[in-house]
Peer 1: 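Before we start, here is the structure in question, set down as structure tokens.
Residue numbers start from 1 in every chain, and the chains themselves are labelled A, B, ... in the order their sequence lines are given, proteins ahead of strands. Note that this is a predicted model, so its numbers are computed, not measured.
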There are 2 protein chains.
Amino acid sequence: MEKQEALAALVALGHETRLDIFRLLMQAGPKGLAAGQIGERLALPPATLSFHLSQLKHADLVTFRRESRSLIYSAAYPVMNALLAYMTENCCQGAAASCEAAAPSTCQPEERHETPARARVRG
Amino acid sequence: MEKQEALAALVALGHETRLDIFRLLMQAGPKGLAAGQIGERLALPPATLSFHLSQLKHADLVTFRRESRSLIYSAAYPVMNALLAYMTENCCQGAAASCEAAAPSTCQPEERHETPARARVRG
DNA sequence: TCCATATTTCTAATATGATGGAAATATTGA
DNA sequence: TCAATATTTCCATCATATTAGAAATATGGA
């Protein structure tokens with residue numbers, strides 16, 4: 001993931017309404033939720049909801065599909081995964097020992113620390 | 001981690017300059033960097049740098065200590081870890097199977113998926 | 001085709017965040 | 001105490017994001 005992509009995702013998630021929307025979609029799982037359902041649950045006026053969904057779309061944090069009259073939104077898990085991976089990269093460069101002490105779970109300067117699951121994301 | 005803490009961290013990281021600062025500090029490791037060093041490397045005027053460091057401080061993403069005339073800033077790894085943990089919580093609630101398919105590395109609805117390192121962060 | 005539903009786009013008002021020069025504060029060494 | 005260094009705070013300006021009503025668009029059912 002490039003810096004600008006990560007930045008776009010962080011900007012998008014750095015707003016309470018959008019964080020709420022995104023978490024709702026994370027919880028909803030791959031099946032997603034119709035825009036109307038989201039607006040209802042979060043008590044958002046249509047225009048406001050649409051604005052925030054648009055921001056999340058531009059950040060590639062959500063995808064959507066049409067199902068009859070409804071647009072079904074779902075969280076873009078791969079992008080979320082890539083963001084998490086990005087945020088743990090380049091940590092404590094050149095000082096693995098002290099870094100391990102400071103941040104055992106996020107800082108993984110050596111490949112051997114990678115879990116198979118995490119490694120899969122980066123490819 | 002509470003929602004408001006996570007939100008504050010995301011707001012703080014959702015700005016290019018602050019993301020640059022934070023990544024620089026992540027790379028620098030626990031030894032940290034003096035404010036002046038940061039400003040020099042990122043070509044930021046003192047007032048601008050100080051403003052952004054202040055934002056990062058309020059989000060608890062950085063800590064600082066005085067060393068002679070310099071203020072040494074370093075990344076707050078535990079808060080970063082907590083943020084990563086927060087973002088993977090409550091994923092695909094009640095539908096573990098489909099969630100695993102959608103997000104194998106971040107979505108961990110069952111405790112057994114926790115790594116010891118990640119679990120340590122949440123306590 | 002016509003109407004109801006679902007959602008987006010347009011628009012203008014409002015609020016908030018960012019910038020950086022200049023002055024103020026804190027620390028140290030002489 | 002005084003000067004030099006390091007950083008912050010103050011302040012005014014500028015830029016950008018957010019809000020939500022109203023109108024426009026898209027879809028499907030009768």
Peer 1: With nearest nucleotides of DNA chain D determined for A/L44 and B/S50 from heavy-atom distances, which residue corresponds to the more 5′ nucleotide?
Peer 2: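 Counting from the 5' end, the first nearest nucleotide belongs to B/S50.
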Peer 1: Below 4.0 angstrom, N of the basic side chain to O of the carboxylate: do A/R18 and A/E16 qualify?
Peer 2: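 Salt bridge: no.
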Peer 1: Would you indicate what B/Y73 reaches in the nucleic acid, counting non-hydrogen atoms under 4.0 angstrom: base, sugar-phosphate, or nothing?
Peer 2: sugar-phosphate
Peer 1: Checking all strands, does A/A35 fall into the base, sugar-phosphate, or nothing category for heavy-atom contacts under 4.0 angstrom?
Peer 2: sugar-phosphate
Peer 1: Without decimals, in angstroms, what is the distance between A/Q37 CD and C/dA6 P?
Peer 2: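 Spelled out: CD on A/Q37 to P on C/dA6 is 9 Å.
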Peer 1: Quick one, give me the B/S/- string for nucleotides 23-30 of chain D, reading 5' to 3', where B means a protein heavy atom under 4.0 Å from the base and S means that only happens at the primed atoms, P, OP1 or OP2.
Peer 2: ---SBBS-
Peer 1: Mind calculating the distance between CG (B/L49) and P (D/dT9) to the nearest angstrom?
Peer 2: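 Value for this atom pair: 12 Å.
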Peer 1: Rounding to a whole Å, what distance do you find between B/F51:CZ and D/dT13:P?
Peer 2: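 Value for this atom pair: 18 Å.
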Peer 1: May I ask you to say what B/S70 touches in the nucleic acid, namely base, sugar-phosphate or nothing, with a heavy-atom cut-off under 4.0 Å?
Peer 2: sugar-phosphate
Peer 1: Using a strict cut-off of less than 4.0 Å between a Lys/Arg side-chain nitrogen and an Asp/Glu carboxylate oxygen, indicate whether A/D20 and A/R41 qualify as a salt bridge.
Peer 2: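 No, this pair does not count.
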Peer 1: Mind checking B/P45 for me? I need base, sugar-phosphate or nothing, with any heavy atom below 4.0 Å counting as a touch.
Peer 2: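 Counting heavy atoms under 4.0 Å across all strands, the contact made by B/P45 is with sugar-phosphate only.
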Peer 1: Specify the separation, in whole Å, of atom CG of B/D20 and atom P of C/dA18.
Peer 2: 14 Å
Peer 1: Whole angstrom is fine here: how far is it from NE2 in B/H15 over to P in C/dG17?
Peer 2: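 That distance rounds to 11 Å.
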